[in-house]
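The next block holds one structure in the form of structure tokens; read it before the comments.
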Amino acid sequence: MAQQDAQNGGSENAAAAAVVSSAAVSFAALKPQLFVEAPKANDAVLFYKAAFGAEEVGRTLNPKRKAEQELPLILSAELKIAGYSFLVADVTDDSASPAKTGGNGVVLCLETGDVEGAIAKAVTAGAVAEGEVVEGEGACCGGRVGKVKDPYGFVWLICSPANKCGGDVEA
């Protein structure tokens with residue numbers, strides 16, 4: 001037992017791990033954050049409202065910008081689509097954000113009964129359709145899916161309601 005404790009970092013670490021693992025940890029929400037080149041977050045918010053019917057829930061302006069400045073930078077704006085929240089923020093040179101460019105490794109999926117209509121609405125608002133609408137085995141969970149890239153570099157999958165999902169989705 002003493003040898004096992006030594007290998008695992010001693011009994012103090014084991015006791016601390018037991019306390020941490022027994023504590024109940026829960027989360028109230030998961031809010032992806034999209035970083036866009038400053039000062040385009042306000043434009044992005046307007047785009048998401050026009051393209052996807054997003055509702056703006058709240059907004060925090062960067063405290064380093066003065067109220068009289070023409071375009072105050074958005075520290076974050078919370079938007080809701082289909083009951084789910086996400087944040088949009090300006091990225092500046094002095095930003096502490098982990099991302100300095102938009103669109104790297106993020107794909108967002110919206111579910112709708114009218115894939116073509118949703119793509120057309122997004123394109124009208126300024127997105128670019130990518131490829132054709134795919135059906136069956138080549139689509140999300142056997143449904144229908146199309147892709148658009150928004151003006152800020154983020155890819156959005158527009159999917160029909162999913163059938164039984166059993167595998168990985170290729171974006």
Side-chain angles (χ1 to χ4, degrees), residues 27-62 65 69-171:
F27 298 95
L30 171 65
K31 296 180 183 178
Q33 189 163 5
L34 306 180
F35 293 99
V36 299
E37 180 185 334
K40 296 183 180 178
N42 191 61
D43 293 340
V45 168
L46 295 174
F47 169 80
Y48 297 131
K49 287 178 176 181
F52 305 128
E55 170 193 353
E56 187 171 342
V57 177
R59 180 181 292 219
T60 305
L61 298 179
N62 191 323
R65 300 285 289 206
Q69 287 179 304
E70 190 175 322
L71 290 173
L73 295 179
I74 295 176
L75 191 57
S76 70
E78 182 176 351
L79 302 176
K80 252 187 184 177
I81 298 175
Y84 293 93
S85 294
F86 66 101
L87 304 170
V88 176
D90 280 313
V91 176
T92 61
D93 290 337
D94 63 342
S95 175
S97 81
K100 294 293 182 184
T101 60
N104 290 334
V106 176
V107 176
L108 303 151
C109 186
L110 293 173
E111 188 176 286
T112 180
D114 183 6
V115 173
E116 286 82 0
I119 290 171
K121 184 176 178 184
V123 167
T124 299
V128 176
E130 294 196 333
E132 301 293 320
V133 173
V134 181
E135 258 184 277
E137 292 181 21
C140 294
C141 306
R144 296 171 43 78
V145 64
K147 280 195 250 183
V148 296
K149 184 181 259 186
D150 71 27
Y152 311 97
F154 296 102
V155 175
W156 294 76
L157 295 180
I158 311 295
C159 302
S160 64
N163 298 326
K164 291 182 182 177
C165 292
D168 293 333
V169 176
E170 290 186 29

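Considering all non-hydrogen atoms of both residues, Q33 and A89 come closest at NE2-CB, 3.3 Å. Across every non-hydrogen atom of P151 and G126, the tightest pair is CG-O, 3.5 Å. Heavy-atom minimum distance, S85 versus E78: OG-OE2, 3.0 Å.
To the nearest 0.5 angstrom, Y48 atom OH is 5.5 Å from F154 atom CZ. Expressed to the nearest 0.5 Å, how far CG of D150 lies from CZ of F52 amounts to 6.5 Å. With values rounded to the nearest 0.5 angstrom, L157 atom CG is found 12.0 Å from E111 atom CD.
Taking the side chain to side chain contact (heavy atoms under 4.5 Å, CB included) definition, one finds that I119 meets it with V115, V123, A129, V133, V148, I158, sequence neighbours left out. With sequence neighbours excluded, the residues that form a side chain to side chain contact (heavy atoms under 4.5 Å, CB included) with A41 are V36, I74, V88, D90.
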Between I81 and W156, does a side chain to side chain contact (heavy atoms under 4.5 Å, CB included) hold up when you go through it step by step? CA-CA 13 Å; I81 298 175; W156 294 76; 4.2 Å; yes
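Pairs of residues two or more places apart, or lying in two chains, that qualify as salt bridge (Lys or Arg N to Asp or Glu O under 4.0 Å) and include a residue from residues 49-60 are K49-E56, E56-R59.
When only modelled atom types and interatomic distance are considered, Y152 and D43 share no side-chain donor-acceptor pair under 3.5 Å.
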